[in-house]
Amino acid sequence: MSSTSTGQHPPTALIVGASRGLGHAMAAEFFDRGWNVVGTARDTTARTPLHDLADRADGLVTIEHLDINDPSHLLPLHERLAHRRLDVLFVNAGTTNNEQTPIGRVATADFIDVMVTNALSPMRVIEALEDLVSPAGLIGAMSSGQGSITNNATGGREVYRGSKAALNMFLRSFAARQGDTQRAFVLLAPGWIRSGLGGPDAPYTIEETVPLLVDVLLSRLGSPGLAYLDRFGRTVPW
C-alpha cells in the first residue's frame, strides 16, 4: 500500500456517498493505498459494501450517517468530525430522471429532485465541512462529461446535464471565493461507468475506472485552484 499526505500520516479522506458503487470503490481504493477513510451512508443500519470494507479495515475505515438532501444532518456530522483533519473531501452524489424527456416536459418535482441532489446538496456539504480540510488539502465533487456545455452536441439527458453544469458553476464560484488558499479543487468526469446510475450498457467498469480517478485526485494535491478533469487527468472544456 502507498499513501500521500498533506501534513499527517496516514492521511484521511472523507468520501460522501460511499455506501456502494463508485463512492464505495473510491473509499476502498484510498484504504488500499494506506489512507484512513471516513465514508458516509444514508442508512447506517442497512448492510452495504461500505460496512464490509469497514469490517476488514481494523478501524481505518469509519462510517458516518449523512443524507446529503437533509441539511439538518450537516452540523451533527461536522461536530462528530471536528477532531479530525481531512486531506481530501470528495462528494460523490448523483441521480437522474427519465433521460429522454425534453426539458420543457420535465415534471417540476423531477427537476427539483435532480438539481437538489446533483448540484445544491453537494455544495451544502462542501460549505459545511470545508473548514475541516487541511489548508493544503483537496476538495472535490463527482461531475460528468455531460456537464460540459462546450461538448454538448447531441442533447438528451437534459436535466442531468444541467444539474452537473450547475454543480460545475457552483464549485467554480466556491473556488473563486477561496482564492487565497493553497487547496486544490477538482471536478471529476469519470466517463460512462457500469454502475447503478450508469446502467449495464456502459463501456467502463468501476474496477478499471476508480484507480484512475484516485490517481487524478492525488496528482492534484499541492496544486492550488480548480480543475475539471476526466479519468485520465485531461481537462474537460467548460
Side-chain angles (χ1 to χ4, degrees), residues 15-17 21-23 25-26 68 88-106 110-127 138-179 183-199 201-206 208-220 223-238:
I15 309 297
V16 174
L22 275 175
M26 291 182 73
I68 66 166
V88 168
L89 164 58
F90 190 83
V91 183
N92 173 63
T95 190
T96 190
N97 66 322
N98 186 323
E99 298 175 0
Q100 304 309 315
T101 304
I103 186 62
R105 298 179 184 174
V106 171
D110 290 344
F111 180 87
I112 292 172
D113 178 55
V114 175
M115 281 291 188
V116 169
T117 301
N118 291 3
L120 177 59
S121 292
M123 294 310 305
R124 281 176 168 162
V125 172
I126 288 170
E127 296 268 13
L138 180 146
I139 295 174
M142 192 70 78
S143 183
S144 169
Q146 295 193 351
S148 169
I149 294 174
T150 300
N151 284 349
N152 183 5
T154 62
R157 305 196 75 191
E158 292 167 21
V159 177
Y160 180 81
R161 287 180 185 274
S163 69
K164 291 300 186 177
L167 172 65
N168 293 352
M169 178 61 80
F170 295 153
L171 191 61
R172 187 160 186 169
S173 294
F174 177 82
R177 288 189 272 118
Q178 310 289 318
R183 289 175 181 159
F185 301 94
V186 179
L187 289 155
L188 277 182
W192 188 13
I193 309 301
R194 219 170 296 154
S195 64
L197 184 64
D201 298 327
Y204 304 111
T205 67
I206 288 177
E208 66 186 315
T209 301
V210 164
L212 299 175
L213 298 179
V214 173
D215 284 345
V216 171
L217 293 180
L218 296 183
S219 74
R220 292 297 301 171
S223 300
L226 175 64
Y228 179 22
L229 304 171
D230 70 10
R231 65 187 178 280
F232 299 112
R234 300 175 302 202
T235 297
V236 180
W238 298 101

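Residue indices begin at 1 and follow the sequence shown.
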remark   = side chain to side chain donor-acceptor pair (under 3.5 Å) filter on Asp230, not counting sequence neighbours, yields Arg234
key: Ile15 side, atom CD1; Phe90 side, atom CZ - distance, nearest 0.5 Å   = 7.0 Å
Pairs touching residues 110-127 that satisfy salt bridge (Lys or Arg N to Asp or Glu O under 4.0 Å), sequence neighbours left out = Glu127-Arg177
key: Pairwise distance CZ(Phe185) to CZ(Arg172) - rounded to 0.5 angstrom   = 13.0 Å
Contact check, side chains of Asn152 and Gln146, non-hydrogen atoms, under 4.5 Å = no
remark   = Closest non-hydrogen atoms of Ile149 and Ala165, given as atom of the first, atom of the second and distance, are CG1-CB, 4.5 Å
request  = Using the side chain to side chain donor-acceptor pair (under 3.5 Å) rule, pick out the option among Ser143, Ser163, Ser144 that qualifies with Asn168.
outcome  = Ser143
query = Checking side chain to side chain contact (heavy atoms under 4.5 Å, CB included) against Met142, which of Val16, Val91, Leu22 comes through?
reply = Leu22
task = List for me each residue that meets ring-ring contact (aromatic ring centres under 6.0 Å, His included) alongside Phe111, sequence neighbours excluded, and say none if there are none.
result = none
Only pairs under 3.5 Å count here: list side-chain donor-acceptor contacts from residues 210-219, not counting sequence neighbours, and write none if there are none.
residue, atom, partner, partner atom, Å
Asp215, OD1, Arg33, NH1, 2.7
Asp215, OD1, Arg33, NH2, 2.9
Ser219, OG, Val216, O, 2.7

message = Counting neighbours of CD1 on Ile103 that are heavy atoms of other residues, nucleotides or ligands and sit closer than 6.0 Å, is the number greater than 12?
response = yes
ask   = Mind checking what makes ring-ring contact (aromatic ring centres under 6.0 Å, His included) contact with Phe170, not counting sequence neighbours?
value = none
key: Residue pair Asn118 / Lys164, side-chain heavy-atom distance below 4.5 Å   = yes
ask   = Looking only at heavy atoms, which two atoms of Thr209 and Arg231 are closest? And how far apart?
value = CG2-CD, 3.9 Å
inquiry  = Quick check: closest heavy atoms across Gly140 and Ile126, and the distance to 0.1 Å?
reply    = O-CD1, 4.3 Å
query = Which atom pair, heavy atoms only, marks the closest approach of Leu229 to Arg220?
reply = CD1-CD, 3.8 Å
request  = Please list, chain by chain and in numerical order, all residues satisfying side chain to side chain donor-acceptor pair (under 3.5 Å) with Thr154, sequence neighbours excluded.
outcome  = Arg161
Side-chain donor/acceptor of Ser148 to backbone N/O of Gly145, under 3.5 Å = no
